[in-house]
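Remember, it's 1-based here, ligands and their atoms both numbered in the order they're listed. We use all heavy atoms of the structure for the numbers below, so side chains are in, but hydrogens, waters and symmetry mates are not.
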Amino acid sequence: MNNSPFPTLFSPLKVGTQVLKNRAIMGSMHLRLETMDRPLQRQAMFYAERARQGVGLMVTGGFAPCEQGLLEDDGPLLATQVQADALRTITEAVHAEGGRILLQILHAGRYARIASAVAPSAIASPIHRTMPRELSAEEIEIIIEDFVRCAELATSAGFDGVEVMGSEGYLLNQFTVTRTNQRNDAWGGSVENRQRLPVEIVRRMRQRLGADFLIMFRISALDLVEGGADAHEVIQLAQAIEAAGADILNTGIGWHEARIPTIAYVVPRAVWRFAAARIKRAVLIPLVTSNRINMPEVAEAILASGDADLVSMARPFLADPAFMAKAEAGRADEINTCIACNQACLDYIFSDRPATCLVNPRAGQELTFSEIKPASARYRVAVVGAGVAGLSCAVTAAEQGHQVILFEAAEIIGGQINYARQIPGKQEFNELLRYFRRRLEVLGVNVQLGCKVTAEQLIADKFDRIVIATGVFPRVPAISGITHAKVVSYVDVLSGRVVPGQRVVIIGAGGIGFDVAEFLCHSPTEVMAITPDPVAEFFTKWGVNTSPDAHGGLQAAVLAPARRHITLVQRKPGKPGRTLGLTTGWALKMSLQRYGVEMFSGCHYETIDDAGLHLTVDNQARVLAADTIVLCAGQESERGLFDALCAKGVTSVLIGGAEAAGELDALRAIDQGMRCALSL
Ligand code: NAP
Ligand code: SF4
């Protein structure tokens with residue numbers, strides 16, 4: 001054992017004929033860097049930085065082995081020597097930093113967003129709707145050859161091996177279960193027949209590529225869909241893949257069409273380890289567990305318990321490339337933790353933008369923002385406001401060597417994040433504040449809490465640069481009766497100043513309106529995150545069955561009754577919730593629907609009185625009875641200080657919500673704070 005605070009995480013492991021320096025893998029992520037103008041340099045910089053900072057083994061995003069297997073037109077493809085030669089830029093950059101990298105081979109099957117999608121059977125997926133064409137037996141033979149050829153090309157490109165993608169509902173996973181495989185030839189019917197394709201691919205790959213080439217197979221440990229495999233079938237496949245010659249088994253959780261969140265912030269940390277652990281007990285090759293492992297202590301606890309041999313983390317290395325280096329050096333409290341928001345990674349990818357990270361805007365932009373270096377001229381900088389825009393600016397300015405004083409009127413840092421972190425499931429936001437607090441300490445930023453600094457003080461102090469990040473205040477809409485005693489703002493509710501009554505109407509169905517509704521559906525103990533067993537509660541709420549006999553790992557979901565009767569209203573027509581995150585909003589909407597939260601769109605607000613909110617919906621007058629009316633109607637910029645400085649002819653830079661309150665979120669605020677500091 002070593003002297004690291006995380007001895008198991010930092011112990012080496014022999015896999016195949018190679019020795020990995022530690023037990024962490026950077027899991028496969030589609031970054032969309034693959035399709036940018038200068039793809040290889042950007043990707044090379046991205047992977048090389050993470051290798052330099054101690055990640056022992058990395059996996060690329062998925063490359064299709066043939067045109068038919070593409071996720072979308074122009075997606076990553078490795079089918080020719082020219083394509084392989086181009087990828088050398090990445091492997092050489094990683095090897096130069098002492099890292100290892102595998103290429104993931106992914107055939108999308110019916111998840112392909114292309115016209116020529118194929119599948120074991122002609123059954124459309126509920127998320128794409130395009131009807132795939134059923135593969136013939138001859139075509140299946142060709143696909144096996146495509147996978148093996150792709151692995152050969154990966155070797156010639158310098159990769160240390162491949163990951164064969166067999167989970168998340170892609171082609172190989174589609175073959176293994178009756179939900180999508182209704183064939184009655186040698187590739188369907190019995191369990192052995194359904195599992196034949198992935199096993200045959202691994203067997204032939206091993207035959208052709210020799211012992212030194214790493215083959216990792218990503219098995220679906222839990223399908224989380226009707227007609228999915230039970231644990232006995234999963235173990236049977238794991239053992240067959242091991243016998244076929246794989247070196248490592250990675251695990252995936254949930255198909256993309258599953259209606260159970262698997263990696264979003266509402267999912268408790270390490271919740272899926274049970275599914276990996278039962279495979280681990282059935283095979284001899286190293287087993288990797290993944291999903292919602294975002295801090296070294298979580299990884300260490302899993303590894304030390306023997307539930308897995310390795311942990312795969314993907315988004316945590318977007319959030320902090322130096323995760324491993326900091327953990328090894330006993331500086332885990334300096335890790336910029338992935339808060340599982342999906343906002344700048346998955347949500348970006350699914351809206352055709354390259355991935356970056358809410359807490360680390362440099363992610364994927366390493367070519368544009370090289371590692372922060374000392375500035376040529378050092379300034380005395382005042383940053384006013386310790387919300388995330390101000391924090392990001394203060395920290396980045398201090399990293400460049402500027403002398404920073406951060407003024408904050410409240411007694412704590414964080415601004416609006418202090419409200420977000422009260423929402424059930426959003427406790428990861430506490431990590432963001434812990435990170436900033438520690439960075440301020442390490443960098444020696446002078447933090448003045450409880451200090452409402454004035455324009456006169458800033459002028460008298462003769463700062464070289466002044467940054468105003470004074471944030472926002474809740475908008476009070478012009479509705480008759482708005483001053484009624486039953487009207488409060490989301491700030492009153494989430495700060496605990498007001499405990500709403502049993503019947504609540506929420507005005508404004510944006511991100512905060514939805515969050516407040518979720519908050520008010522829960523009991524006070526849940527809100528305080530002191531439930532005795534959050535994992536069991538998550539399984540009950542979302543219908544996860546941990547029994548090995550459960551097909552797909554499912555059972556009926558059981559929801560505790562909502563604590564209040566809640567109605568959410570907005571003026572816009574159309575379904576509420578359109579502005580929520582692409583990959584997290586559906587779970588929030590589903591949760592509120594199941595709690596029985598009523599929603600009205602296209603509302604015209606008339607007045608508020610003792611009876612509640614009077615409004616017109618669909619040309620019909622209604623009264624929504626309410627004990628409490630909570631305003632979640634957006635925010636206005638707080639610009640008093642900026643205007644006062646302007647009036648005195650003093651230049652300052654306005655950032656964050658103070659600059660633009662509309663649609664402001666932490667993603668834009670942190671990014672703007674960093675850019676502002678770099679341009680001082
Ligand atoms: P928001 O998303 O802009 O929503 C504001 C809501 O207030 C809208 O539903 C709007 O709907 C209503 N509204 C605006 N002006 C109004 C007026 N004068 N009278 C009555 N209603 C009015 O803002 P937010 O909810 O405050 O969230 C702030 C930011 O944080 C947003 O960028 C949001 O995306 C982000 N955030 C996201 C999440 C999430 O995705 N889960 C959670 C929290 C915050 P109508 O105009 O149709 O009435
Ligand atoms: Fe994690 Fe959010 Fe960053 Fe994605 S954007 S890596 S989920 S913190």
Worksheet item: Can you tell which part of Asp515 has a heavy atom less than 4.0 Å from ligand 1: side chain, backbone, both or neither?
Response: side chain
Worksheet item: What about Tyr265: any of its N or O atoms under 3.5 Å from an N or O on ligand 1?
Response: no
Practice prompt. Report yes if Ala509 has an N/O atom closer than 3.5 Å to an N/O atom of ligand 1; otherwise report no.
Written response: yes
Worksheet entry | Close N or O approach (Gly511, ligand 1; < 3.5 Å) | yes
Worksheet item: Any N or O on Gln570 sitting closer than 3.5 Å to an N or O of ligand 1?
Response: no
Discussion item. Check this for me, if you would: do Lys541 and Glu518 make a salt bridge, where the nitrogen-to-carboxylate-oxygen distance has to be below 4.0 angstrom?
Written reply: yes
Discussion item. For the backbone of Gly425 and the side chain of Gln427, can you confirm whether one donor and one acceptor N or O come within less than 3.5 Å of each other?
Written reply: yes
Item to complete: Return each pair, listed once, that meets salt bridge (charged side-chain N to carboxylate O under 4.0 Å, His left out) where at least one residue sits in residues 46-63; pairs must be two or more places apart or across chains.
Response: Glu49-Arg362, Arg50-Glu366, Arg52-Glu97, Arg52-Glu371
Worksheet entry | Element-labelled atoms of ligand 1 that are located less than 4.0 Å from some non-hydrogen atom of Cys632 | 5 (C), 6 (C), 7 (O)
Fill in: Under 4.0 Å from ligand 2 - residues by heavy atom, chain and number
Arg315, Leu318, Cys338, Ile339, Ala340, Cys341, Asn342, Ala344, Cys345, Cys357, Leu358
Worksheet item: Which atoms from ligand 1 have a heavy atom of Tyr605 less than 4.0 Å away?
Response: 20 (C)
Discussion item. I need the contact type for Lys426 against ligand 1. Using non-hydrogen atoms and a strict under-4.0 Å cut-off, is it side chain, backbone, both or neither?
Written reply: side chain
Practice prompt. Please determine, by modelled atom types, if Glu163 and Ser28 share a side-chain donor-acceptor pair under 3.5 angstrom.
Written response: no
Worksheet item: For ligand 1, which atoms sit closer than 4.0 Å to a heavy atom of Pro477?
Response: 17 (C), 18 (N), 19 (N), 20 (C)
Worksheet entry | Minimum-distance pair of heavy atoms, taken over all atoms of Thr289 and Ala308 | CG2-CB, 3.6 Å
Worksheet entry | Donor + acceptor pair across side chains of Glu431, Asn336 (<3.5 Å) | no
Worksheet item: When you measure from the side chain of Asp671 to the backbone N and O of Arg668, does any donor-acceptor pair fall under 3.5 Å?
Response: no
Worksheet entry | Check: His30 ring centre within less than 6.0 Å of Tyr348 ring centre | no
Worksheet item: Do Ile507 and Cys632 have side chains that get closer than 4.5 Å, going by heavy atoms?
Response: no
Discussion item. If we set the cut-off at 4.0 Å for heavy atoms, which region of Ala478 has an atom near ligand 1: side chain, backbone, both, or neither?
Written reply: neither
Worksheet entry | Numbered atoms and elements of ligand 1 in range of Gly508, under 4.0 angstrom, heavy atoms | 6 (C), 7 (O), 9 (O), 12 (C)
Worksheet entry | Side-chain donor-acceptor contact under 3.5 Å, Thr567 with Arg503 | no
Worksheet entry | Heteroatom proximity flag, Gly510 to ligand 1, N/O under 3.5 Å | yes
Item to complete: Show which atoms of ligand 1 fall inside a sub-4.0 Å distance from at least one heavy-atom site of Gly581.
Response: 40 (O)
Fill in: Crowding at CG, Asp352 (>12 non-hydrogen neighbours, <6.0 Å)
yes
Check: residues 469-479 side-chain donor-acceptor pairs under 3.5 Å, at least two apart:
residue: Thr470; atom: OG1; partner: Glu638; partner atom: O; Å: 2.6
residue: Arg475; atom: NE; partner: Glu636; partner atom: OE2; Å: 3.0
residue: Arg475; atom: NH1; partner: Ala633; partner atom: O; Å: 2.8
residue: Arg475; atom: NH2; partner: Gln635; partner atom: O; Å: 3.4

Worksheet item: Using 4.0 Å as the upper bound for N to carboxylate O, is an ion pair formed by Arg434 and Asp333?
Response: no
Fill in: Heteroatom proximity flag, Ile512 to ligand 1, N/O under 3.5 Å
yes
Response to the item:
Across all chains, not counting sequence neighbours, the ring pair (Phe, Tyr, Trp, His ring centres under 6.0 Å) partners of His256 are Tyr111, Tyr170
Worksheet, complete the sentence: Closest heavy-atom approach to atom 45 (P) of ligand 1 among Gln635, Arg578, Lys572 is made by Lys572
Worksheet item: Would one find an N or O of Thr579, backbone or side chain, under 3.5 Å from an N or O of ligand 1?
Response: no
